Visitor: 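Sharing a structure, written as structure tokens. Questions coming.
If you're wondering where the values come from, they're calculated on a predicted model, not measured in any experiment. Chain naming here is simple, since letters A, B, ... match the order of the sequence lines and numbering starts at 1 in each.
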Number of protein chains: 2
Amino acid sequence: MWYMKARQRLLDATVDYVAAHGIGDLSLRQLAAALGTSHRMLVYHFGSKEGLLVEVVRAVESRQKQALTEFEPGPLLGDQARQMWRRLADPSMWPLERLFFELYGQALQGRTHTTQLLDGVVDDMAQPMIDMLVAQGHEPDVAAAWARLGIAVVRGLLLDLLATGDREGVDAAMELFIGTFEKLA
Amino acid sequence: MWYMKARQRLLDATVDYVAAHGIGDLSLRQLAAALGTSHRMLVYHFGSKEGLLVEVVRAVESRQKQALTEFEPGPLLGDQARQMWRRLADPSMWPLERLFFELYGQALQGRTHTTQLLDGVVDDMAQPMIDMLVAQGHEPDVAAAWARLGIAVVRGLLLDLLATGDREGVDAAMELFIGTFEKLA
DNA sequence: GCCTTCATGTACCACATGGTACAGTCCTAC
DNA sequence: GTAGGACTGTACCATGTGGTACATGAAGGC
């Protein structure tokens with residue numbers, strides 16, 4: 001279907017714009033101008049600025065989850081992890097990840113429209129990993145700890161990568177982690 | 001000295017206020033009211049809102065570095081790491097850490113007054129660790145990778161902790177990491 | 001053909017913001 | 001004592017904001 005409802009089109013464009021320019025100092029007028037419409041339209045379609053931001057958070061959340069779960073299953077956990085990391089560390093993902101961390105920071109401070117992002121920010125990612133590890137014979141509590149640690153490593157190294165841009169150094173640290181996991185787990 | 005210059009007093013109080021209320025939607029008037037002064041004074045002492053924010057970032061940066069470097073040296077790296085983590089994960093540190101991550105997120109999006117925070121955000125913390133590891137006989141590149149991984153784990157688990165509040169689960173993940181390090185490194 | 005509903009643009013409003021002009025206060029040096 | 005400077009409060013300004021009233025267009029059902 002070549003046709004797309006105006007609301008959805010606006011939302012997608014908004015996410016792109018916000019990923020590029022940040023969401024902190026966003027104003028409806030600037031956004032509308034960049035999108036080739038008027039701020040009146042944004043209010044019309046989303047009710048208010050708050051309503052729009054809520055939708056943006058939802059969209060980012062969904063894109064994030066999608067990017068982290070759509071890897072082909074296979075027996076080699078280490079190689080799966082490497083594949084996931086290669087995808088996440090790719091520069092094409094950086095804008096969305098910057099936005100994710102900006103939203104995360106806002107959510108930690110209690111911004112109303114962002115707090116929902118925190119609800120499953122760890123568990124939703126951890127559960128699939130735990131299932132995989134348990135399926136491979138690990139104890140549930142050990143599996144949970146490894147999953148939690150893995151998520152922390154991914155997020156921590158992404159923060160590093162986005163700040164320094166030093167792909168090599170960050171890749172080496174990730175390889176060290178995955179290698180360690182393969183030896184011990 | 002019981003007496004403190006008005007500027008410094010205002011800055012300290014501002015950092016506390018901002019750690020508690022976030023920096024994203026800060027306005028000089030709200031801040032001044034909470035501090036028992038007028039927004040006129042803030043502009044007078046710091047030149048502009050931007051000037052104040054720069055000072056706040058500097059202060060947060062300095063408090064952060066201080067908290068991460070003031071642990072007693074000793075031969076047992078694992079125990080040093082445990083001590084550092086115990087200090088960082090303590091709830092009394094949470095407000096400052098929330099603020100740190102909020103600033104980090106803003107900096108990734110290029111907010112002018114925050115970008116300086118990114119300059120040494122990894123290296124300044126990594127260097128002392130690398131020195132320690134090298135002093136204990138590790139190869140420099142391996143030491144660098146472990147340091148980088150360690151910082152990522154700390155930051156990633158702090159993000160987890162601040163979002164979920166699940167101290168036990170996060171502690172378990174950290175212990176898994178430190179134990180792994182002790183076995184392998 | 002007309003009416004209804006969805007969509008869009010223009011013009012406007014009330015409000016909060018960062019910043020400033022000006023006047024006043026307090027303290028210290030002489 | 002008083003002159004000068006550091007500090008603080010009041011009142012104001014221009015600007016940008018989110019949101020709204022109103023009029024207009026566009027599309028489809030009857």
Visitor: Nearest whole Å is fine: how far is dT20(D) P from Arg40(A) CZ?
Guide: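 Going from Arg40(A) (CZ) to dT20(D) (P), I get 9 Å.
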Visitor: Is the side chain of Gln109(B) donor-acceptor paired with the backbone N or O of Ile23(A) at a distance under 3.5 Å, no angle test?
Guide: no
Visitor: Looking at Glu55(B) and Arg58(B), is any side-chain nitrogen of the basic one under 4.0 Å from a carboxylate oxygen of the acidic one?
Guide: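 Between Glu55(B) and Arg58(B) there is a salt bridge, with a charged N closer than 4.0 Å to a carboxylate O.
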Visitor: Roughly how many Å is it from CE in Met41(B) to C1' in dA6(D), rounded to a whole number?
Guide: 10 Å
Visitor: For Glu102(B), is there an ion pair with Arg111(A) - N to carboxylate O distance below 4.0 angstrom?
Guide: no
Visitor: Distance check needed: dT17(D) P versus Leu31(A) CG, whole Å only.
Guide: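 Rounding to the nearest Å, CG of Leu31(A) and P of dT17(D) are 11 Å apart.
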Visitor: Touch check for His39(A), heavy atoms < 4.0 angstrom, all strands: base, sugar-phosphate only, or nothing?
Guide: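 The residue His39(A) makes base contact.
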Visitor: Just by distance, do the side chain of His138(B) and the backbone of Leu133(B) share a donor-acceptor pair under 3.5 Å?
Guide: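 Yes, His138(B) side chain to Leu133(B) backbone: donor-acceptor pair under 3.5 Å.
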Visitor: Might you point out which heavy atoms bring Val154(A) and Met174(A) nearest each other, and give the distance in Å?
Guide: CG2-CE, 3.9 Å
Visitor: May I ask you to verify if any side-chain N or O of Ser27(A) is less than 4.0 angstrom from the OP1 or OP2 atom of dG16(D)?
Guide: no
Visitor: Under 4.0 Å from OP1 or OP2 of dG9(C): is there any side-chain N or O of Ser38(A) that close?
Guide: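 Indeed, a polar side-chain atom of Ser38(A) lies that close.
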Visitor: Of the nucleotides dG19(C), dG18(D), dT8(D), which has the atom closest to the Lys49(B) side chain?
Guide: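 For Lys49(B), the side-chain atoms sit closest to dG19(C).
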Visitor: Please report, rounded to the nearest Å, how far the P atom of dG19(C) is from the OH atom of Tyr44(B).
Guide: 16 Å
Visitor: Look at all strands and tell whether Leu26(B) reaches a base, only sugar-phosphate, or nothing, counting heavy atoms closer than 4.0 Å.
Guide: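 Here Leu26(B) touches the backbone only, sparing every base.
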Visitor: In whole angstrom, give the distance that lies between atom NE2 of His45(A) and atom C1' of dG18(D).
Guide: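 About 17 Å, once rounded to whole Å.
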Visitor: Given atom CD of Glu50(B) and atom P of dG18(C), what is their separation to the nearest angstrom?
Guide: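 Rounding to the nearest Å, CD of Glu50(B) and P of dG18(C) are 11 Å apart.
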Visitor: Report the nucleotide, chosen from dG18(D), dA7(C), dC22(C), that has the shortest atom-to-atom distance to any side-chain atom of Leu28(A).
Guide: dG18(D)
Visitor: Between Gln30(B) and dT17(C), is there a side-chain N or O to OP1/OP2 distance below 4.0 Å?
Guide: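 Checking dT17(C) against Gln30(B), a side-chain N or O does come within under 4.0 Å of OP1 or OP2.
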Visitor: Nearest to the side chain of Val43(B) - dT10(D), dG19(C), dC6(C)?
Guide: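 My answer, after comparing the listed nucleotides, is dG19(C).
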Visitor: Heavy atoms from C-beta onward define the side chain here; which of dT8(C), dC13(D), dT17(D) lies closest to that of Arg29(A)?
Guide: dT17(D)
Visitor: If I take atom CG in residue Leu53(A) and atom C1' in nucleotide dG18(D), what distance separates them, rounded to the nearest angstrom?
Guide: 12 Å
Visitor: Rounded to the Å, how far apart are Phe46(B) CZ and dT8(D) C1'?
Guide: 15 Å
